[in-house]
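To keep things clear, I will list the structure first and then write my remarks on it.
All chains are named by letter (A, B, ...) in the order of the sequence lines, taking the proteins before the strands, and each is independently numbered beginning at 1.
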Amino acid sequence: MEENTVIKVKNLTKQFGAFTAVDGISFEVKKGEIFGFLGANGAGKTTAMRMLTGLSYPTAGEATIAGFDIYRDTEKIKQEIGYMSQKFSLYEDLTVGENIRFYGGIYGLSDELLETRTEAILKNLELENERKTLVASLPLGWKQKLAFSVAVLHRPQIVFLDEPTGGVDPITRRKFWELIYQSAEEGITIFVTTHYMDEAEYCDRVSIMVDGRIDALDTPAQLKVQLDAVDMDEVFLKLARKATRADG
Amino acid sequence: MNQFIIFVQKEFKHIFRDRRTLFILLGIPIVQILLFGFALTNEVKNSQLVILDSDKSETTKAIADKMIASDYFDFTGSIAEGAEMEPTFKAGKADMILVFPANFEQQLFQSNKATIQLITDASDPNLANTLVNYASAIIGDYQQEMLEGKSLPYKIETRTRMLYNPQLKGAFNFVPGVMAMVLMLICAMMTSISIVREKENGNMEVLLVSPLKPFTLIFAKSIPYLLLSILNLTSILLLSVFLLDLPIRGSIILLYAVSILFIMTALSLGLMISNVADSQMTAMFIALIGLLLPTIMLSGFMFPIENMPLPLRALSNIVPSKWYYSIIKSVMIKGLGFFSIWKESLILLGMTMFFLIISWRKFNIRLA
């Protein structure tokens, strides 16, 4: 394995009874890379992500996350990854500061470190005056940015984002992506699933899943050349059209 | 350990910030005790008593006084003759009329036998029945006092004693019932709702991806409700003792110990529900229908289990509240010690273990 490969997946498979949700996928992600994980609903991307984050056991295949085996070293992997779900997963009835403190505490950060990082996050998000504001009263875009900052609070090697920007406009999405770039520059690897093709353009490399398999994997520019498409939208449509599996 | 404390703090914040729910949680036991104690009671107090005394002797006066002195009857007037009875009832001025025939005292002392007539308005049969029972008991008491020190060898007397609850207080029945109900409701329902809320809001996935142990999560979730339940238990007991004059005859420590055991049972049930339910609404309905309803119907506190058909009697054995109810009655009202309730306690302990094992297995399967 190369020194700077942080995710290595080989023939990873997940079956639910007779149904093969993920059908022997293989790929590698490098340190600091922004890896887009695309696919239509039901293509298997959520299942694949659940296996990589330790929420689900694979039926077959191998994978290492930050050098740790996903079968044997699940506890070690947990310290090295961050996760943000589509529901942005902050507690609405806790304040901004309390949410940061809670998740920091769960990852075992010391009070001192927590205080420094809390201030850094608040400054970075321009939320200095909102520390004691309940999360419920923040706009959705801010909640998502805060959730992302909380997901990388413990400085994981990899952060998994499951459709992190659902329900917001392209401008707010763009601002969210500035945060992602910031983290990638700091060396955090970003593994992101999305529905939005404008976001796919922001990724370093993109994989597109169709019917449980990875049908394409390259930089957005290369994919457009390969499939003779003007934008990622067309790339996606050309590949997804081949899907035989029902939407769902 | 630090993770655990942080998690418990967070849970308390959830509870304290939701003022309305907190208010309901702490208010439920108080409202229920007041409701059962004063509104939903089958005790009859201050019924209207009218007296027709044709004898006007020392004895009749003494019996009448004793009646009036009791809580159950209020003296609302005398009438002079039988013809007045009907209009008195019709005017709603009497629930019961006590009739002493002429020469009552004379007959009592000469032949040792005299008759008092108790006439009640039986349009409400339950009320009439209850009043007759009260009156007979009071008259019986009087007779007892009169006979004290004298022996009448040929007299056959019937003596009824209402053990443990001579005044037939309803509170002896419903206080343990309310305890079972409140603990079941708060522990099982609130824990399951609070765990399911984490699932619903997507927090659960994030927590499972984090280094937090599922055990810590579940343990931290149940601690606040355990404390809240102990608080509620205390408020129920205080209300019962000081407001309803209910004695606690057994050991208070034992009472708390078995209650904590029952709280554990309820918490493990809550855990099991949270494994099955995907939304807070579902969790609430499962708790209400699956736990609260059996507690009310099958624990013996509203309806006597002895009178139920066999299938229901058998079914009542798997209702944890039934065992808790029986334990509380033994400890609190009969004043029995641990050796009389170990069997029931063991059953509760067994049920708790069973529910915990099932939940734990389901929890792991869900993750796979």
Query raised in the report: Above 12 or not: heavy atoms from other molecules or residues under 6.0 Å from CD1 of B/Ile252?
Result: no

Query raised in the report: Around B/Met297, counting heavy atoms of other residues, nucleotides and ligands shown, do more than 12 lie under 6.0 Å from its CE?
Result: no

Query raised in the report: Hey, does A/Tyr91 have a side-chain heavy atom less than 4.5 Å from the side chain of B/Asn201?
Result: no

Requested in this report: Report the distance from atom CD of A/Gln86 to atom CD of B/Glu205, rounding to the nearest 0.5 Å.
Outcome: 8.0 Å

**Report entry** Summary of ring-ring contact (aromatic ring centres under 6.0 Å, His included) pairs that have at least one residue in residues 176-217 of chain B, sequence neighbours excluded
**Finding:** B/Phe215-B/Phe219

Query raised in the report: Has A/Tyr71 got more than 12 heavy atoms of other residues, nucleotides or ligands less than 6.0 Å from its OH?
Result: yes

Query raised in the report: In residues 8-23 of chain B, which residues are in contact with chain A at a heavy-atom separation under 4.5 Å?
Result: B/Gln9, B/Lys10, B/Lys13, B/His14, B/Arg17

Report task. Identify the heavy atoms of B/Ile6 and A/Arg101 that sit nearest to each other, and give their distance. Result -> CG1-NH2, 4.3 Å

Query raised in the report: Which atoms form the tightest heavy-atom contact between A/Ser85 and B/Gly202, and what is the distance?
Result: OG-O, 3.7 Å

Report task. Answer yes or no: does atom CD of A/Glu112 have more than 12 heavy-atom neighbours from other residues, nucleotides or ligands under 6.0 Å? Result -> no

Requested in this report: With rounding to the nearest 0.5 Å, note down the distance linking CG in B/Leu212 to CD1 in A/Ile106.
Outcome: 4.5 Å

Query raised in the report: Do the non-hydrogen side-chain atoms of A/Tyr103 and B/Asn203 ever get within less than 4.5 Å of each other?
Result: yes

Requested in this report: Please report the shortest heavy-atom distance between A/Gln79 and B/Pro211, naming the atom on each side.
Outcome: NE2-CG, 3.5 Å

Report task. Kindly compute the distance separating CD (A/Glu75) from NZ (B/Lys213), expressed to the nearest 0.5 Å. Result -> 4.0 Å

Report task. Counting only heavy atoms closer than 4.5 Å, note whether A/Leu134 contacts chain B via side chain, backbone, both or neither. Result -> side chain

